[in-house]
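See structure below.
In this chain, numbering begins with 1 at the start of the sequence shown. Reckoned from all heavy atoms, side chains included, excluding hydrogens, waters and symmetry mates.
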Amino acid sequence: VQLQASGGGLVQAGGSLRLSCVASGRTFNSYAMGWIRQAPGKEREFVAAISQGGGWSTHYEDSVEGRFTLSRDNAKSAIYLQMNSLKPEDTAVYYCAASVFLHHIVELSLTTDDYWGQGTQVTVSS
């Protein structure tokens, strides 16, 4: 699985951005998907994840709950992260991730059997 993230950019505090991640391959439906971010000088941080199969469940890091919304479109092999009310502390490189195990993304325990993309920069100015 190859992941291509896009949609990052520079935005003022309070603004919005929509990140996209498109996956190659024919097994997209089999993977939980999500976003992880890393700010300069900081550890990686879980942002959001969505399960595979029916009845998709979503999980969010506490600081983005209520501001970010994650969705997936299996027909397009894509996920979307709508980010509203952005804050300067949201500034980071955002990486798209895929795993058969949702908890690998939520718990930041990605292994060599998981996948992540090249990242897209999000910068929020104050």
Does any non-hydrogen side-chain atom of [Y] lie less than 4.5 Å from one of [X]?
X	Y	result
Thr120	Leu19	yes
Tyr31	Asp114	no
Asn29	Gln52	no
Cys96	Tyr115	no
Thr91	Val122	no
Ser16	Gln82	yes

Identify whether [X] and [Y] are in the same connected component of the hydrophobic contact network (ILVMFWY, side-chain heavy atoms under 4.5 Å).
X	Y	result
Phe101	Leu70	yes
Tyr95	Val100	no
Val47	Trp56	yes

Side-chain heavy atoms under 4.5 Å apart, restricted to Ile/Leu/Val/Met/Phe/Trp/Tyr: what other residues fall into the cluster of Leu108, or is it alone?
Ile36, Phe46, Leu102, Ile105, Val106, Leu110, Trp116
Heavy-atom closest contact ([X] atom, [Y] atom, distance):
X	Y	value
Met33	Cys21	CE-SG, 4.3 Å
Ser57	Ser51	N-OG, 2.8 Å
Leu81	Ala48	CD1-CB, 4.2 Å

Whether the side chain of [X] engages the backbone of [Y] through a donor-acceptor N/O pair (distance < 3.5 Å, no angle test) should be reported.
X	Y	value
Gln38	Lys42	yes
Arg37	Val93	no
Glu107	Ser109	no

Review item, side-chain donor-acceptor pairs of residues 2-12, under 3.5 Å, at least two apart:
none

How long is the span from the CD atom in Glu45 to the CG atom in Asp90, to the nearest 0.5 Å?
8.5 Å
His103 side, atom NE2; His59 side, atom NE2 - distance, nearest 0.5 Å:
11.5 Å
Relative to Phe28, does Arg72 satisfy both conditions: NZ or CZ under 6.0 angstrom from the six-membered ring centre, and within 45 degrees of the ring's axis?
yes
When the ring planes of Tyr94 and Phe68 are compared, do they come out parallel, tilted or perpendicular, using 30° and 60° as the limits?
tilted
Step through the shown structure and confirm whether more than 12 heavy atoms of other residues, nucleotides or ligands are within 6.0 Å of OH on Tyr80.
yes
